[in-house]
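For reference, the structure is listed below as structure tokens.
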2 protein chains.
Amino acid sequence: MYFWGSVTEVTTKSRTFGHFCVLATALERLGDRWTLLVVRDLVAGPRRFTDLSERLAGITPKTLTQRLRDLEDHGLVEADRVRGRRDVWYRLTPAGQDLQPMLDELVYWGMRHALRPWEPGEPAHPEHLLWALRIMLEREGIEIGPVSWVVRFIDDGTYVLRNDDDGWTVAPDGVDNPDVVVTTTRDAWARFLTSRPSERAVDERDLHCSGSRTAVNAFLRAIAVFPFGRTRARQP
Amino acid sequence: MYFWGSVTEVTTKSRTFGHFCVLATALERLGDRWTLLVVRDLVAGPRRFTDLSERLAGITPKTLTQRLRDLEDHGLVEADRVRGRRDVWYRLTPAGQDLQPMLDELVYWGMRHALRPWEPGEPAHPEHLLWALRIMLEREGIEIGPVSWVVRFIDDGTYVLRNDDDGWTVAPDGVDNPDVVVTTTRDAWARFLTSRPSERAVDERDLHCSGSRTAVNAFLRAIAVFPFGRTRARQP
DNA sequence: CTGGATCCATGATGATACTG
DNA sequence: CAGTATCATCATGGATCCAG
């Protein structure tokens with residue numbers, strides 16, 4: 001007798017496609033609702049259960065637990081449980097990190113074919129928007145020499161978007177003498193990025209850019225790669 | 001019966017994540033069960049409903065209809081309906097075709113982290129296996145000059161795997177003077193590819209390779225990139 | 001407070017049969 | 001060939017509760 005999964009055997013019983021096809025098998029492990037979004041939020045680094053809960057707005061704790069257990073069972077996620085410490089840190093294994101190229105492709109596809117306008121009140125996490133922005137800068141071949149832009153969120157952390165020999169990268173905080181500093185809120189940043197590039201002002205409600213005029217203009221020209229969000233027409 | 005919406009309105013109501021994140025939006029359109037497998041089977045070219053039913057073994061007609069309608073609504077699939085002709089041909093739009101790089105990455109990930117042994121009786125469609133093989137040849141940088149290998153399935157069609165200036169490609173049939181011709185069945189081909197490379201014989205049950213000894217050896221060396229399928233251990 | 005577990009409701013999917 | 005119709009089941013969401 002062989003028990004796979006925890007005591008709650010029912011919850012770990014995932015449905016299979018029954019095809020001998022590696023794509024089908026991959027989707028059996030990744031295709032459940034929320035699963036790839038959990039990976040998305042672990043790509044940037046280890047997170048606690050509540051960190052994930054906040055980024056995965058709308059997920060129920062039950063479902064988050066299930067997804068983390070499934071990912072652990074399949075060797076994509078490891079949990080760091082330290083005796084005597086309350087919090088559990090979840091992190092991707094190397095197999096989990098290997099999903100990043102696929103997720104990058106999916107983000108790139110989405111930016112071209114699944115972008116929609118931001119709706120006020122809709123959770124817009126800086127990490128998610130900066131990921132998309134980085135992909136577009138990378139894929140559209142924007143090369144403007146060594147540059148670093150800091151985006152400081154009043155209601156969240158600080159991130160730096162940098163272009164250097166490694167291409168475009170997003171990291172938390174920590175850079176000296178950035179070329180541009182944007183101070184804003186999550187919502188204002190979302191509104192800013194999803195407005196028409198020609199209408200993006202460097203000083204609007206809850207958003208301010210500082211830096212030399214040249215640097216700020218270079219910033220605005222570059223982020224024009226973030227396309228104006230249109231809704232796809234649906235056929236009735 | 002029609003009230004203020006068509007009957008299909010219910011089926012197109014997809015659940016959303018409610019995040020302003022392009023990855024979440026992309027998954028709202030692609031993340032339903034079977035959806036990406038439908039795309040998989042349309043990437044190689046237009047297919048009829050029953051063609052898809054056969055490749056998507058286990059899908060119910062109702063679900064296949066739903067998925068095709070959803071994909072049509074989102075502009076990834078177009079249906080070719082000709083008056084007076086019974087059959088409907090489904091094909092990817094450009095937006096649908098743009099999914100191929102992402103699917104290639106997912107196949108590559110799966111070959112490294114989600115491969116499992118073939119189980120006798122499990123449907124193994126040539127197109128799916130040849131896709132995976134092509135990806136591995138490509139990603140592992142196998143370069144052996146202009147070469148073409150034909151794989152002829154007694155219980156299916158004939159495919160040619162070719163390496164030339166465009167890299168590795170898979171196409172149906174149609175090549176003169178192939179370097180190797182493999183004649184086999186779906187099941188034998190699956191068994192062959194998932195056995196240890198060192199144990200692959202050029203003349204086993206339901207599988208025969210013809211061609212010069214040199215060419216056949218080059219073939220065998222190259223397809224060693226298809227790794228022996230192991231099962232991932234699961235933590236009890 | 002974090003990190004879950006439990007109960008119930010419901011919508012999505014599956015099985016099977018049937019039809020224009 | 002290309003789907004519908006009907007019924008059953010399972011995964012997920014919402015709300016609530018609980019232990020360290």
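The sequence lines fix the lettering, A, B, ..., with proteins before strands; numbering per chain opens at 1.
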Next on the checklist: Could you check whether Arg186(A) makes a cation-pi contact with Phe153(A), meaning its NZ or CZ is under 6.0 Å from the centre of the six-membered ring and within 45° of the ring axis?
Outcome noted: no
Checklist entry - Which of the following nucleotides, dG4(C), dG13(D), dT4(D), is nearest to the side chain of Thr65(B)? => result dT4(D)
Checklist entry - Atom CZ of Arg33(A) to atom P of dT10(C): distance rounded to whole Å? => result 17 Å
Item to check | Thr63(A) side-chain N/O to dT12(D) phosphate OP1/OP2 under 4.0 Å | outcome: no
Next on the checklist: With a 3.5 Å distance limit and no angle check, can you tell me whether Arg162(B) reaches the backbone of Val175(B) through a side-chain donor-acceptor pair?
Outcome noted: no
Checklist entry - Does dG3(D) have OP1 or OP2 sitting under 4.0 Å from an N or O in the side chain of Arg69(B)? => result yes
Item to check | Nearest listed nucleotide, side chain of Thr50(B), among dC1(D), dG3(C), dT13(C) | outcome: dC1(D)
Item to check | Rounded distance (Å) that lies between atom C1' of dC1(C) and atom CD of Glu54(A) | outcome: 16 Å
Checklist outcome for this item: To the nearest angstrom, the CZ-P distance between Arg15(B) and dA11(D) comes to 12 Å
Next on the checklist: In this structure, how many angstroms lie between the C1' atom of dA2(D) and the CD1 atom of Ile59(B), rounded?
Outcome noted: 14 Å
Next on the checklist: Whole angstroms only, please: what is the CD-P distance between Gln66(B) and dT6(D)?
Outcome noted: 15 Å
Checklist entry - Closest to the Asp32(B) side chain: dT12(D), dT13(C), dG4(C)? => result dT13(C)
Checklist entry - Base, sugar-phosphate alone, or nothing: which one does Arg67(B) contact when heavy atoms must sit under 4.0 Å apart? => result sugar-phosphate
Checklist entry - Which nucleotides of nucleotides 15-20 of chain C have their base under 4.0 Å from a protein heavy atom (B), which only their sugar-phosphate (S), and which neither (-), written as one string 5' to 3'? => result B----B
Checklist entry - Could you give the CG-to-P distance, from Asp51(A) to dC1(C), as a whole number of Å? => result 16 Å
Next on the checklist: Using OP1 and OP2 only, check whether a side-chain N or O of Tyr90(A) sits under 4.0 Å from dT2(C).
Outcome noted: no
Item to check | Close side-chain approach of Asp187(A) and Trp118(A), heavy atoms under 4.5 Å | outcome: yes
Item to check | Separation of dC1(D) P from Asp80(B) CG (nearest whole Å) | outcome: 18 Å
Checklist entry - Heavy-atom distance under 4.5 Å between the side chains of Met102(B) and Met102(A), does that happen here? => result yes
Item to check | Minimum side-chain heavy-atom gap Phe20(B)-His128(A) below 4.5 Å | outcome: no
Next on the checklist: From CG of Leu56(B) over to P of dG14(C), roughly how many Å is that when rounded to an integer?
Outcome noted: 11 Å
Next on the checklist: Looking only at side-chain N and O atoms, does Asp104(A) offer a donor or acceptor that is under 3.5 Å from a partner on Trp131(A)?
Outcome noted: yes
Checklist entry - Does Trp34(A) put a side-chain nitrogen or oxygen below 4.0 Å from OP1 or OP2 of dA11(D)? => result no
Checklist entry - Side chains of Arg116(B) and Glu122(B): does their closest heavy-atom pair fall under 4.5 Å? => result yes
